[in-house]
Peer 1: 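Here you go, one structure.
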Amino acid sequence: MEPMAVPVPSSFPEDFALYWAMLAFGVRARGRTLLAPDFDKHRVDGLTLGLDRRFRANFWRLPAALWRLRHSRVTYARAMAGFDAVLTPVLGHVTPPLGYLAPTLPFDTLFERLTRYVGFTPLANATGAPAIALPASLTDDRLPVAIQFMAPHGGERTLLELAYALEADVPWPSLWATGGETGHRSPGRAEPAHGDGG
């Protein structure tokens, strides 16, 4: 195992956020065509409205941002030369309490929380790299922790082999176990409801 530098420029988070904002703009502008004839753009949530506003204020930056995002595929491929896979977290922190990501929060607060929470997955989204998220452990409070493996383009087989090997060697932790122990889920059991968003 050895560390690998992040293979994208420092502009990547802002570029990806602008792309995300463009999608929200598209939904508001063309929702009746893209989603349903009865789509009402006045009833979208605060996150979509905030992203739409963000895009309208920064749309002139889109061509350069899209070019850099597209080029990230090339820089990722170069960085992965000599690596079979890269290990990262899936999320920035454990499952937050109810309300932490509520759609009723002010846009700036919600957007900052979301980008900190999901900061590890956009690289695969932008580069088209294969990635897999796997359960890894439970915290002392029994909240799930997951890991992500990313592979070079075309490396899906490597990711599946890693997943099978890890599951065989260290069975996935389960919320089904009783008495604070982890273990496999019993077949055919109904899934319990969890109120913590986890």
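Keep in mind it's a predicted model, so treat the numbers as computed, not measured.
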Peer 1: In this structure, would Met150 and Met4 fall into the same cluster of hydrophobic residues linked by side-chain contacts under 4.5 Å?
Peer 2: yes
Peer 1: Which heavy atom of Ala131 sits nearest a heavy atom of Gln148, and at what distance?
Peer 2: CB-OE1, 3.9 Å
Peer 1: Below 30° counts as parallel, above 60° as perpendicular, anything between as tilted: where do the rings of Tyr19 and Phe16 land?
Peer 2: tilted
Peer 1: Applying the 4.5 Å side-chain criterion to the ILVMFWY set and letting contacts propagate, would Leu23 and Leu51 be lumped into a single cluster?
Peer 2: no
Peer 1: For Arg54, does its backbone N or O pair with a side-chain atom of Asn58 as donor and acceptor, under 3.5 Å?
Peer 2: yes
Peer 1: Would you say the side-chain atoms of Thr75 pair up with the backbone N or O of Val8, donor to acceptor, closer than 3.5 Å?
Peer 2: no
Peer 1: How long is the span from the CH2 atom in Trp67 to the CG atom in Asp15, to the nearest 0.5 Å?
Peer 2: 10.5 Å
Peer 1: Calculate, to the nearest 0.5 Å, the distance between atoms CG and CZ belonging to Leu91 and Phe120 respectively.
Peer 2: 9.0 Å
Peer 1: Between Val118 and Leu47, is there shared hydrophobic-cluster membership here, with clusters defined by ILVMFWY side-chain heavy atoms closer than 4.5 Å?
Peer 2: yes
Peer 1: Hydrophobic cluster membership, with links at side-chain heavy-atom distances under 4.5 Å among I/L/V/M/F/W/Y: are Leu159 and Leu123 in one?
Peer 2: no
Peer 1: Indicate if Leu143 and Val145 have the same hydrophobic cluster label, given that clusters are the connected sets of ILVMFWY residues with side-chain heavy-atom separations under 4.5 angstrom.
Peer 2: yes
Peer 1: How many angstroms lie between CZ in Arg113 and CG in Leu105, if you round to the nearest 0.5 Å?
Peer 2: 5.5 Å
Peer 1: Is it true that atom OH of Tyr100 has more than 12 heavy atoms of other residues, nucleotides or ligands lying nearer than 6.0 Å?
Peer 2: yes
Peer 1: Kindly indicate, with the supporting measurements, whether the criterion side-chain contact (heavy atoms from CB on, under 4.5 Å) is fulfilled by Arg68 and Phe12.
Peer 2: CA-CA 8 Å; Arg68 287 189 295 265; Phe12 181 86; over 6 Å; no
Peer 1: Please give me the minimum heavy-atom distance between Gly128 and Arg73, naming the atom from each residue.
Peer 2: CA-NH1, 4.2 Å
Peer 1: Mind checking the CZ-CG spacing from Arg43 to Asp38? Nearest 0.5 Å is all I need.
Peer 2: 9.5 Å
Peer 1: Any heavy-atom pair between the side chains of Glu156 and Ile132 that's under 4.5 Å?
Peer 2: no
Peer 1: Taking Leu110 as the fixed residue, which of Leu101, Thr104, Thr115 is the one that meets the side-chain contact (heavy atoms from CB on, under 4.5 Å) rule?
Peer 2: Leu101
Peer 1: side-chain contact (heavy atoms from CB on, under 4.5 Å) for Leu160 and Arg157? Distances and angles first, verdict last.
Peer 2: CA-CA 5 Å; Leu160 291 173; Arg157 181 182 182 120; 5.9 Å; no
Peer 1: State, to 0.1 Å, how close Leu62 and Phe55 come at their nearest heavy-atom pair, and which atoms those are.
Peer 2: CD2-CE1, 3.8 Å
Peer 1: From Asn125 CG over to Trp20 CH2, what is the distance, rounded to the nearest 0.5 angstrom?
Peer 2: 10.5 Å
Peer 1: Nearest 0.5 angstrom please: Phe83 CZ to Thr158 OG1, how far?
Peer 2: 14.0 Å
Peer 1: Which heavy atom of Gly46 sits nearest to which heavy atom of Phe107, and what is that distance?
Peer 2: O-CD1, 4.0 Å
Peer 1: If you look at every heavy atom in Val86 and Met80, which pair is closest and at what distance?
Peer 2: CG2-SD, 3.3 Å
Peer 1: When the side chains of residues 30-37 are checked against the rest of the protein, which donor-acceptor pairs come out under 3.5 Å, sequence neighbours left out?
Peer 2:
| residue | atom | partner | partner atom | Å |
| --- | --- | --- | --- | --- |
| Arg30 | NH2 | Thr33 | OG1 | 3.4 |
| Arg32 | NE | Phe39 | O | 3.3 |

Peer 1: Restricting to non-hydrogen atoms, name the atom on Ala85 and the atom on Leu162 that form the minimum distance, rounded to 0.1 Å.
Peer 2: CB-CD1, 3.9 Å
